Protein chains: 2
Amino acid sequence: MTKSEYLEKIQVTNKSYECSITTDIAVFGYLDGELKILLTKRNVEALTRCWLLPGGAMNLEETLEDCAIKVLKILTGLNKVHFDQVKIYSNLDRHPIKRVLTVCFYALINPENHLIVLGDSVKGVRWFAVEDLPYNIGFDHSKLIRDALEFLKNNLNDNLIAQELLQEKFTLQELQSIYENILGVRMDRRNFRKRILLQGIFKNTGEKKKGIKGGPFLYKLKK
Amino acid sequence: MTKSEYLEKIQVTNKSYECSITTDIAVFGYLDGELKILLTKRNVEALTRCWLLPGGAMNLEETLEDCAIKVLKILTGLNKVHFDQVKIYSNLDRHPIKRVLTVCFYALINPENHLIVLGDSVKGVRWFAVEDLPYNIGFDHSKLIRDALEFLKNNLNDNLIAQELLQEKFTLQELQSIYENILGVRMDRRNFRKRILLQGIFKNTGEKKKGIKGGPFLYKLKK
DNA sequence: CCAAAAGTGTTACGATTACACCCATGT
DNA sequence: ACATGGGTGTAATCGTAACACTTTTGG
């Protein structure tokens with residue numbers, strides 16, 4: 001049996017339909033007490049009017065995860081960001097010119113810890129509060145953002161927040177207010193502290209943060 | 001700007017890398033008090049020794065979901081099965097001859113309610129207990145099965161079980177034992193009934209099932 | 001009538017929620 | 001000194017888990 005017969009049999013033929021696959025990355029950032037998302041404007045006539053998630057095509061020699069890392073680096077300069085898959089979108093009409101499937105990833109960072117460097121094809125980037133997105137979001141990226149946001153909320157955990165959004169040492173109030181702002185709920189201070197400390201992943205450094213009335217203790221991740 | 005310039009700019013070019021995308025479907029079935037999964041052997045020399053999830057390539061005019069429905073129909077004759085996306089796999093070496101990305105879906109059915117009809121490229125299908133899979137599973141389908149199983153367990157809900165696995169009327173013992181067998185845990189009868197009935201989605205028909213000591217009531221989904 | 005399975009209610013436990021006062025610090 | 005925010009404990013509630021006896025039916 002030849003290779004093409006083989007491929008024919010398993011329904012992956014040389015003639016079979018192939019299409020481009022892109023990744024789009026929903027980078028959430030926590031800034032000024034608000035959850036924001038990073039959107040880009042591209043250097044392309046048809047797209048200059050739309051805000052888009054950073055995204056781009058997957059190549060021969062890379063996995064989707066590699067692609068997401070590469071694309072984000074090229075378009076925004078962002079590096080060393082932790083990713084997770086949200087889902088894949090395959091609607092026929094999601095791109096006006098060519099069929100493109102996209103896999104959406106999400107990440108959460110502290111914008112202050114990362115330098116943004118515009119790529120050649122990028123006219124500009126901006127952080128938008130997720131509660132106040134622009135009206136002109138391109139393709140189906142509004143839906144990608146909604147889905148990614150839901151995914152983020154369902155997968156929030158103390159480790160991620162502490163590692164990505166906070167300094168090495170932080171007060172429990174700082175941790176709590178991030179939760180409250182991202183999830184959009186208010187929590188009782190005593191109950192929050194009890195729950196967080198019960199996990200045993202944080203420890204009190206004994207130091208106090210200066211400049212704040214009350215003199216809150218600074219905590220850090222164990223180990 | 002020409003179309004190709006446009007596509008170039010957004011990094012989806014005519015020359016850009018394209019690859020085949022397949023769907024693989026993890027069809028779980030509940031039979032003889034055990035959770036099973038449907039595997040196929042194909043009519044292809046290199047694959048006849050391996051068990052595989054039913055799967056096949058996506059075409060131009062279909063979404064991934066359409067593709068999964070089509071593939072399952074063609075290979076196994078299965079129809080009207082409820083699907084959900086598990087995840088997408090993009091490792092470079094997951095297929096020996098050609099790069100193929102695959103999106104895994106999962107489904108849960110009652111094998112007794114469905115007729116299996118072998119497709120042309122299929123030599124045979126068989127239900128395997130998920131606790132007793134064959135050693136010769138092809139490609140990376142062992143991992144797909146593991147991931148899909150975890151997904152199934154996390155997404156079990158009473159509606160799905162009642163609709164897919166049970167007759168219109170069923171006893172609470174029948175419902176409970178499905179849970180116990182799929183999740184691999186034993187549950188207290190009184191607590192289980194309390195939890196299930198509290199949801200208010202089932203109602204007692206007043207009829208009793210014959211042929212079983214104790215005379216259990218038959219329940220059905222409301223509406 | 002006996003064995004097997006169904007039906008049922010109460011208590012104990014743990015997790016979560018609600019809630020108020022004193023203490024430390026900055027101004 | 002006083003205003004602001006930090007630190008702490010207890011009681012109430014809810015959901016979950018443990019547990020045993022009576023009733024129904026088939027054989």
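Because the structure is predicted, anything quoted here is derived from the model rather than measured. Within every chain, numbering begins at 1; the chains are lettered A, B, ... in the order of the sequence lines, protein sequences first and strands thereafter.
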What does [X] touch in the nucleic acid at a heavy-atom separation under 4.0 angstrom: a base, only the sugar-phosphate, or nothing?
X      : value
B:R195 : nothing
A:G215 : sugar-phosphate
B:K208 : sugar-phosphate

Checklist entry - B:K213 has a side chain; which of D:dG7, D:dG9, D:dT25 sits nearest to it? => result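 For B:K213, the side-chain atoms sit closest to D:dT25.
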
Next on the checklist: Side chain of B:F217, heavy atoms from C-beta onward: which of D:dG7, D:dA17, C:dG7 has the nearest atom to it?
Outcome noted: C:dG7

For the base of [N], is there a side-chain donor-acceptor partner from [X] under 3.5 Å away?
X      : N      : answer
B:K209 : D:dT24 : no
B:K210 : D:dT24 : no
A:R189 : D:dG7  : yes
B:R190 : D:dA20 : yes

Does the cation-pi check pass for [X] over [Y], that is, NZ or CZ under 6.0 Å from the six-membered ring centre and within 45° of its axis?
X      : Y      : answer
A:R195 : A:Y179 : yes
B:K194 : B:F192 : no
A:K36  : A:F128 : no

Next on the checklist: Check this for me: does any side-chain nitrogen of one of B:K70 and B:D66 sit under 4.0 Å from a carboxylate oxygen of the other?
Outcome noted: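 Here B:K70 does not pair with B:D66 in a salt bridge, since their nearest N and O are not under 4.0 Å apart.
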
Next on the checklist: If you assign A:D188 and A:P216 each to the DNA chain D nucleotide with the nearest heavy atom, which residue ends up on the more 5' nucleotide?
Outcome noted: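 Nearest-nucleotide comparison on DNA chain D picks A:P216.
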
Checklist entry - For the residue pair A:F202 and A:Y219, is the inter-centroid distance of their aromatic rings smaller than 6.0 Å? => result no

Starting at [atom1] of [X] and ending at [atom2] of [N], how long is that distance when rounded to a whole Å?
X      : N      : atom1 : atom2 : value
A:I196 : C:dT16 : CD1   : C1'   : 14 Å
B:I212 : C:dA4  : CD1   : P     : 15 Å
B:Q173 : C:dA4  : CD    : C1'   : 12 Å
B:L197 : C:dT8  : CG    : C1'   : 12 Å
B:K194 : D:dA18 : NZ    : C1'   : 9 Å

